[in-house]
Amino acid sequence: MPFREFKTEILNLLENFEVFEKDLELSDHADMACKAAFRLSKHPVELAKKMEERVKSRSSEFRFIGSVERAGPYLNFFVSQKLLDETLRRVLTEGNRYGALEIGKKVVIEHTSANPDGPLHIGHLRNTVIGDTLARILEKTGCKVERHYYVNDMGRQIALAVLGVERYGLESIKGDHAVANAYIRINRDGYEESDVEKYMERYEEGDEEIVSTFNKVVETALEGIKETLKRLNIIHDRFVWESEFVRSGYMRKVLEKLLKLKECKKNETLYLDLSEYGIKKEVHLTRKNGTSLYVLRDIAYHIWKNEKFERMINVLGADHKLYSRQLSLVLELMGYNSPENVIFEFVSLPEGSMSTRKGKFISADELIDKVVETASDLISDKDMEDEEKKKVAEAVGVGAIRFDIVRVSPEKPTVFDWKQALDFERQTSPYVQYAYARASSILKKVEDFDLRWDVAHFNHPSELRLIKELSMFSFHLERCYRLLKPNIMAGYALNLANAFNAFYRDIPVLQSEGNLRNSRISLVMASKIVLGEVLNLLGIEPLERM
RNA sequence: GGGCGCGUAGCUCAGCAUGGACAGAGCGGCAGCCUCCUAAGCUGUAGGUCGGGGGUUCAAAUCCCCUCGCGCCCGCCA
């Protein structure tokens with residue numbers, strides 16, 4: 001928080017010069033640099049000199065600006081002792097609430113939503129991890145967040161999976177894998193198209209026997225998927241089945257509204273002509289046999305969301321880009337808000353793209369098992385009970401997976417790499433967890449101390465850097481919120497851990513004495529709190545020991 | 001063919017929204033650090049035509065145009 005206020009103070013101070021947020025930047029040369037003079041004058045150095053004068057004459061009015069230096073046309077601002085003091089005070093009094101914002105919107109975030117025809121694979125994982133991390137970030141900004149998994153129980157793929165299960169039965173293995181095996185097999189062996197059609201029709205009509213069969217298959221796959229998600233510290237508040245909108249008659253009402261649009265046309269099927277909006281291909285709402293298509297049910301779902309939420313966020317793979325534009329356009333034509341889409345590019349395997357249908361994928365379960373096993377080997381000779389070792393290996397493994405995914409910007413296409421997934425070093429979550437564990441370890445050895453500090457005791461660059469990092473938590477949180485880019489939080493986690501490790505190297509805590517010792521211990525406590533909270537935002541478990 | 005995204009060190013990535021101070025990290029390479037709070041750590045060093053070309057600008061990795069490479073989309077699939 002204090003760092004955001006520091007920035008606000010600079011803006012207020014230079015308001016008369018028409019300096020805006022975009023003129024400020026983080027810099028190696030300062031805590032915050034102002035580059036406005038370039039933009040505002042043909043003689044930037046002269047202007048910067050004037051600004052400098054003004055700042056120097058008034059800077060005593062501000063709390064968090066400590067000093068300013070001019071470097072040519074740049075103004076370099078430095079934080080005050082007061083900011084350092086206030087940062088520690090807030091972290092230590094607010095605890096894990098430190099850094100929270102109060103934006104407070106009601107938002108729904110839909111993520112994962114993988115078809116219940118098989119297990120989650122490493123492509124789905126990108127959706128899941130981005131979505132869950134964003135949900136956590138939004139909550140921290142004070143939003144009321146509902147996490148949805150939209151269950152596609154009506155599609156062709158599901159009908160085919162059901163046929164597969166009927167033909168081959170379910171193996172007695174984890175449900176999602178069992179369904180996948182039947183689905184892969186029927187795709188390989190072949191099937192009658194008319195059988196698939198018939199199943200879709202009967203399911204949409206609500207044929208009791210078929211509904212119960214579909215439900216069983218979908219539930220079986222979903223149970224397995226939920227188990228995997230839980231292991232990754234991911235829960236959904238609500239699983240919304242597509243068929244809910246059909247059964248409740250909601251979709252019917254939506255269809256009636258759609259029919260009133262001038263873009264809505266009918267011949268063999270019902271479709272939307274969006275050519276005047278630059279979308280050449282018609283958007284079909286129904287099939288020739290009268291059954292609904294995904295987009296129709298999805299429109300219904302989004303109208304329902306409109307009624308309940310102020311903000312709708314969907315996490316979608318790059319293959320949904322055009323689709324999501326079409327959906328948004330239709331919603332707008334109907335007079336509704338459209339969702340905000342967080343699009344991520346594909347994860348592929350070194351040998352090419354993944355496919356559930358062809359059985360060409362690395363499942364999330366396989367990945368988790370292997371990473372946890374590697375973590376387990378690494379701690380095998382540590383002095384810990386087996387129980388704790390197991391817990392640590394799981395937390396490290398899951399953290400490494402989540403972090404490996406979330407650290408990369410969503411728009412970057414990636415190729416899955418085992419070596420990277422199994423790396424537990426510098427730019428990974430174990431590095432952050434390790435900093436947390438080191439802080440814990442120091443605090444565990446403290447028997448008596450007073451929770452008090454004097455910022456005058458913090459004069460080593462490593463200490464100053466660490467406190468400044470702590471002060472920037474909500475600054476980065478706000479950036480994540482605005483840009484919906486969770487990789488920013490991963491980057492902050494790394495910076496913070498890095499700053500703590502430098503502090504750990506340079507500053508003896510336990511051997512120091514008196515108020516110097518109290519101050520340092522207080523700083524370690526504050527670091528532990530913020531490191532822990534950042535890990536929570538990333539869905540990674542902080543560990544007391546590892 | 002059209003649309004969207006990506007291309008930055010040997011490898012994996014920041015930085016691009018809102019153009020500014022020498023383009024930053026990690027891994028890998030090389031050279032070092034455990035009588036000291038956990039070495040999953042730390043220090044130093046080498047390594048760059050920011051895919052290529054043009055343009056705008058006092059200033060371009062960042063903006064515009066062209067071009068090459070890769071991925072995705074263009075279904076009465078989801």
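Chain letters run A, B, ... following the sequence lines, proteins first and then strands; every chain starts at 1.
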Quick check on [N]: is either OP1 or OP2 less than 4.0 Å from any side-chain nitrogen or oxygen of [X]?
{"X": "A:Tyr431", "N": "B:C42", "result": "yes"}
{"X": "A:Arg357", "N": "B:A78", "result": "no"}
{"X": "A:Ser353", "N": "B:C72", "result": "yes"}
{"X": "A:Arg287", "N": "B:C77", "result": "yes"}
{"X": "A:Arg297", "N": "B:A78", "result": "yes"}

When you get a sec, tell me which of [options] is the closest nucleotide to the side chain of [X]?
{"X": "A:Lys412", "options": "B:G7, B:C37, B:G26", "answer": "B:G7"}
{"X": "A:Lys445", "options": "B:C37, B:G75, B:G2", "answer": "B:C37"}
{"X": "A:Arg407", "options": "B:G3, B:G5, B:U12", "answer": "B:U12"}
{"X": "A:Tyr323", "options": "B:C4, B:A78, B:A40", "answer": "B:A78"}
{"X": "A:Leu322", "options": "B:C74, B:U12, B:G41", "answer": "B:C74"}
{"X": "A:Arg426", "options": "B:A40, B:A21, B:G26", "answer": "B:G26"}

note = Heavy-atom nearest nucleotide on RNA chain B taken for A:Asn289 and for A:Val392; more 5' hit belongs to A:Val392
note = By nearest-nucleotide position on RNA chain B, the 5'-leaning member of A:Arg325 and A:Asp506 is A:Arg325
With a 3.5 Å limit on both atom pairs, tell me what [N] is paired to, counting Watson-Crick and G-U wobble, or say none.
{"N": "B:G71", "answer": "B:C4"}
{"N": "B:C77", "answer": "none"}
{"N": "B:A25", "answer": "B:U12"}
{"N": "B:A59", "answer": "none"}
{"N": "B:G32", "answer": "B:C42"}

message = Whether the A:Glu201 and A:Asn289 side chains hold a donor-acceptor pair (N or O, under 3.5 Å, no angle test) is what I'd like checked.
response = yes
Under 3.5 Å donor-acceptor pair, [X] side-chain atoms to [N] base atoms:
{"X": "A:Gln511", "N": "B:C36", "value": "no"}
{"X": "A:Asn76", "N": "B:A21", "value": "yes"}
{"X": "A:Ser409", "N": "B:A14", "value": "no"}

ask   = Can you tell me how far P in B:A17 sits from the matching atom in B:A61, rounded to whole Å?
value = 13 Å
query = Using the C1' atom in both, what is the distance from B:U49 to B:C42, to the nearest Å?
reply = 35 Å
task = Mind telling me if B:C72 is syn or anti? Syn here is a glycosidic angle within 90° of 0.
result = anti
request  = Compare the aromatic ring of A:His320 with the six-membered base ring of B:A78 and state whether they stack according to the 5.5 Å and 30° rule.
outcome  = no
